[in-house]
Every structure is written in structure tokens, then in C-alpha cells.
K.L.:
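Before I ask anything, here is the structure I am working with.
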Number of protein chains: 2
Amino acid sequence: MAKKSLSSGRREESLSQERIIEASIELLDSSGESGLTFRALAERLATGPGAIYWHIDNKTDLLTAACDAIIARTMQESRSGDTAKQSIRAVALGIFDAIDAHPWVGSALTHAPGQLPVVRILERIGQQVRAMGVPADKQWATVSALLNYILGVSGQNAANTHMARTRGLDRANFLGAIANDWSQLDPVEYPFTRSIAGQLPIHDDRLDFVAGIDLILDGL
Amino acid sequence: MAKKSLSSGRREESLSQERIIEASIELLDSSGESGLTFRALAERLATGPGAIYWHIDNKTDLLTAACDAIIARTMQESRSGDTAKQSIRAVALGIFDAIDAHPWVGSALTHAPGQLPVVRILERIGQQVRAMGVPADKQWATVSALLNYILGVSGQNAANTHMARTRGLDRANFLGAIANDWSQLDPVEYPFTRSIAGQLPIHDDRLDFVAGIDLILDGL
DNA sequence: ACCTGAACACCGTTCAAGT
DNA sequence: ACCTGAACACCGTTCAAGT
């Protein structure tokens, strides 16, 4: 008997960087960072682990490439904004939302300094900072403050959702558990943390994120 | 023949959390994040991998505990500062330097949201923000902006030194290599990144870091 | 109570051998 | 040129067995 075309949704194409990256993203989204293994990837692509190495150098590169695919999409979608400030806000929020949806992108960005995905963000922000008329000798400091803030908050946010998923909780319950820990800290040593514990589960991270961006933009 | 007391610097004490954490820090400092394994740790402590599990629950906890030891020390050392602003600058710089000396602390902080090491920093900044007279309803946003910025920059900085070490380069050479990549980007798509490439290897990260802190503080 | 060390169930990566 | 899949050198973690 000849093999029927029992394609399960997808045609039988040969392996390629794109197909590998696409499958990696699916795996990362569904099973998190630890879900991306060459064996799981090989099974999903109906091949052996060795085949993947023909198209990709190592796991680090694979993760950076998957991260770049998400960031590239995000940058294309967040082109809106009439003024430079609005454009910066739009990029920042785009990244925030992308990392919220794909937590693994947060740590991938942190572990690939100076690489393509980070450069895409850097460039976009840099062009807007220039458009705002920031003098040349202050552009670097401004852009790097913004970039670091964006990557920092998004990374922390991703860590939260990732930890929550790891423990099988939703975000609210996870933050609630931390708030509970905080409220039981020593009142003498940790007065501030205790006092804001209640705000942790209810406050809007996204709103505070934009507030921080504005804080930096206004400081110029 | 009876065993002589061939102690190599350290008395033969029984295993304990402190000794394990101390050995972990030494291992992390000398061989990086990938150098911390239960087998290497067991060898350094002259015991078996299983023994460590009697004192520590798992590797994640071990890393957080090692991170906390460094942060606790750092917080004690950076108590200086006459005004609240100066105090915040002092803590920020203390953390920056600590993470520069122990790059693994950067990613450990990122992966332990809401845990003790982060809370130590949060508390210190929170108390100073209060002392500055920031109104209660804006304290959270202010503190979280500062905290995220500090963790973000320090994390990126740690990633740089870590990547440099991984490739056997010093920091300057590593940044030089990235600058070289940047200067070869498409001039139409990446004008800004190209234009600042030259500044990457020579600019002072520490200085820009404080500049960013001031930017946020001034925005209040 | 605390330690030992073999064993389990994984990893990323390589490489001879196939087509 | 591209793929296969066994093999290598590791991991974190567990657990019966010892003291």
C-alpha cells in the first residue's frame, strides 16, 4: 500500500529554519521554557534530533531566533503614534503585551544583549528620541534608560506569569500568595513592604508600566 | 597509620545550609551559572550529592539563597547617604556593583520575583521614597519604577559580562565585537543603531546608570 | 538525624551511517 | 545536501541502605 496523504493540517514540507522556529514557538508557548527540547521538537517535526542541527547551530541560537520572530512581528504591529512620545509608548506597550503573552521572550531578550531582537527595539526607540530633539550627546543615555526600563519591567512581569504557571496558579492567586508572605514580614524591619502588600494583587502592572515610561520621558 | 589532620584551610565541620551556600557562591563566582551542579558542590564539600538535599530543597532555592546572601551583604554596606535621594543612589550603585562582581546574581534576582532578596531592595527604596515625601498613592508606582529600572539595567549589565566571560573575552573586546556588528547593519533600516555603535565600547555604563536613576527621581 | 552513592529519567550535542 | 538515531557526557533528584 502506498502512503496516503494523511497530512494533519500541515503539508509535508522539508525541514527549514522557519519551520523549526515556528514549532519552537508553539512548544515554548504551550509548555514554557523547559518545554523546548530537541527531542520534543524532533517529535513535533517528525524527525530526529540530529536533523535539527543541520539547520540550527545550538539551542541558544534557536531561542534567540524564536524571540526575534516575536519581536519582529511586534514591531510591525506597533507602528502607530502621532507624536514621538506616543510612538515610544506604543512600542513599549507592544513589547509589554508580547512578553505577557510569551513569557519566555522576556528572559530570551535578557540573555541576548546586543543581538538582533534587542537592536530592533533599540533602533525604534532611538529614532523617536531623535525626533523629540534630544541633543546628540544625551541620546545614548536616554535610549538606554528607556530600553533598560522596558526590558526590566517586562522581564519581571514575565517572571511573575512564568512562576504562576509553574505552580499551576493564575496570576492573581500567585500575587495573592506573595502579598500574604509580605504581610507576615517583621513590622520593624519591613514596614514599607508590609504597608504596600495589599496593593500587589490589585494594582495594574500595565498602567504603572506606562507611568514609568512617562516619568522617564518627562525627566528629559 | 592514623589520618593526620590534613585540613586544607578549613576545619572539618559538619554540613550546614551556610557552608553549602558559601561553597555555592564560590562555585558560581569561579565557574559561572553553569558551574553550580550538585556533583561539583558535593565534591567541594567532600560528600555525596544526596547529602545536600538533606539541607536544601532544590536547586532553585539554593540559587535564591546564594543570591540573598550577596544582596544582604550589599544592603548592609550601602547604608550611607545624607539625603533620601543620595541614599537611593547609594543602594542602586551598591546593587550595580554587586551584580557586576557576581553576574549570576542578576538573573537570580529576575527569576525570584517577590522573594526575600528582592524584598530587601524594595524595602530600602520604599523607605527612602517615603522620606522624600512622595504621596501615598504614588509610592507604589515610584518604587516599582525604580526597582524595575535597577534590576533591568543590572541584569543587562550582568548579561554582558557573562557573555563576555563565556566567550573568553574581556568586557571591552566583547562590546567591541557587538559595536562592529552594529556598524555593519543596513544603513536604511538601522540608522540610529549604526550612529551610536562607536559609543558602545567607550561609554561608562555605571555613569549612565546613575543618570537614569536621576532621570526617574527628577520626574517626580 | 544525617550521610552515602547508585540509579532514574532526563538533557544538549555529536557523528557514523544512510539516502 | 540532508536526514537518521544510537551514543556520549552530562544534568537534577530520589531513595534504599548505612551510621
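Chain naming here is simple, since letters A, B, ... match the order of the sequence lines and numbering starts at 1 in each. These numbers come from the heavy atoms of this one structure, side chains and all, not from hydrogens, waters or symmetry mates.
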K.L.:
Let me know the distance between CG of A:Leu27 and P of C:dC11, rounded to the nearest Å.
P.N.:
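The answer, rounded to whole Å, is 11 Å.
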K.L.:
List the atom pairs, donor and acceptor, that lie under 3.5 Å between side-chain atoms in residues 147-155 of chain A and the rest of the protein, sequence neighbours left out.
P.N.:
unit_1: A:Asn148; atom_1: ND2; unit_2: A:Ser144; atom_2: O; d: 2.9
unit_1: A:Tyr149; atom_1: OH; unit_2: A:Phe209; atom_2: O; d: 3.3
unit_1: A:Ser154; atom_1: OG; unit_2: A:Ile150; atom_2: O; d: 2.7

K.L.:
Give the dot-bracket string for DNA chain C, reading 5' to 3', where a pair is Watson-Crick or G-U wobble with both distances under 3.5 Å, ( ) marks pairs inside the strand, [ ] marks pairs crossing earlier ones, | marks a partner on another strand, and . marks unpaired.
P.N.:
||.|||||...|||||.||
K.L.:
Of the candidate nucleotides D:dG12, C:dG12, C:dC3, which contains the atom at the shortest distance from the side chain of B:Thr47?
P.N.:
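Between D:dG12, C:dG12, C:dC3, the one nearest the side chain of B:Thr47 would be C:dC3.
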K.L.:
Measure CD1/B:Ile52 against P/D:dG12 and give the value in whole Å, please.
P.N.:
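Distance, rounded to whole Å: 10 Å.
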K.L.:
Does the side chain of B:Cys67 reach to within under 4.5 Å of the side chain of B:His102, using non-hydrogen atoms?
P.N.:
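The answer is no, as the side chains (C-beta and beyond) never meet within the 4.5 Å cut-off.
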K.L.:
Expressed as a whole number of angstroms, how long is the span from A:Ile20:CD1 to D:dC2:C1'?
P.N.:
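Answer to the nearest Å: 12 Å.
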K.L.:
Judged by atom type as modelled, is there a donor-acceptor pair below 3.5 Å linking the side chain of A:Ser183 to the main-chain atoms of A:Asn180?
P.N.:
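Checked: pair present.
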K.L.:
Could you check whether B:Leu36 gets within reach of a base, just the sugar-phosphate, or nothing at all, counting any heavy atom under 4.0 Å?
P.N.:
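The answer is sugar-phosphate, as B:Leu36 gets under 4.0 Å only of primed atoms, P, OP1 or OP2.
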K.L.:
Please report, rounded to the nearest Å, how far the P atom of D:dT13 is from the CG atom of B:Asp61.
P.N.:
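Taking CG of B:Asp61 and P of D:dT13, I get 9 Å after rounding.
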K.L.:
Using atom CG of A:Asn58 as one end and atom P of C:dT13 as the other, report the distance to the nearest whole Å.
P.N.:
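The distance from CG of A:Asn58 to P of C:dT13 comes to 5 Å, rounded to the nearest Å.
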K.L.:
Is B:His55 near enough to C:dA1 that one of its side-chain N or O atoms lies under 4.0 angstrom from OP1 or OP2?
P.N.:
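Answer is no, no contact under 4.0 Å.
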K.L.:
Got a second to check how far A:Met163's CE is from A:Leu169's CG, nearest 0.5 Å?
P.N.:
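One finds 10.0 Å between CE of A:Met163 and CG of A:Leu169.
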K.L.:
CG of A:Asp57 versus P of C:dT14: gap in Å, rounded?
P.N.:
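After rounding, the reported distance stands at 9 Å.
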K.L.:
Mind telling me whether A:Trp140 and B:Trp182 have parallel, tilted or perpendicular rings, with 30° and 60° as the class edges?
P.N.:
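Aromatic pair B:Trp182/A:Trp140 classed tilted.
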K.L.:
Please tell me whether B:Asn160 and B:Arg165 have a donor and an acceptor in their side chains that are separated by less than 3.5 angstrom.
P.N.:
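No, no side-chain donor-acceptor contact under 3.5 Å.
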K.L.:
Considering only heavy atoms from C-beta outward, does the side chain of A:Phe96 approach that of A:Ile213 to under 4.5 Å?
P.N.:
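A side-chain contact under 4.5 Å is absent here.
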K.L.:
Looking at D:dT13, C:dC3, C:dT13, which one has an atom nearest to any side-chain atom of B:Ala51?
P.N.:
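Selected nucleotide (nearest to the side chain): C:dC3.
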K.L.:
Need to verify one output field. Residue with the more 5' nearest nucleotide on DNA chain C, B:Arg39 or A:Gly50?
P.N.:
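It is B:Arg39 whose nearest nucleotide is closer to the 5' end.
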K.L.:
Starting at CG of A:Leu45 and ending at C1' of D:dC3, how long is that distance when rounded to a whole Å?
P.N.:
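So the two atoms are 13 Å apart, to the nearest Å.
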K.L.:
Among the candidates D:dG5, C:dG12, D:dG12, find the nucleotide nearest to the side-chain atoms of A:Pro49.
P.N.:
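Among D:dG5, C:dG12, D:dG12, the one nearest the side chain of A:Pro49 is D:dG5.
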K.L.:
May I ask you to evaluate whether B:Trp54 reaches the phosphate of C:dC2, defined as a side-chain N or O under 4.0 Å from OP1 or OP2?
P.N.:
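Answer is yes, contact under 4.0 Å.
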K.L.:
Could you state the atom-to-atom distance from OH of A:Tyr53 to P of C:dA16 in whole Å?
P.N.:
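Interatomic distance, OH of A:Tyr53 to P of C:dA16: 17 Å.
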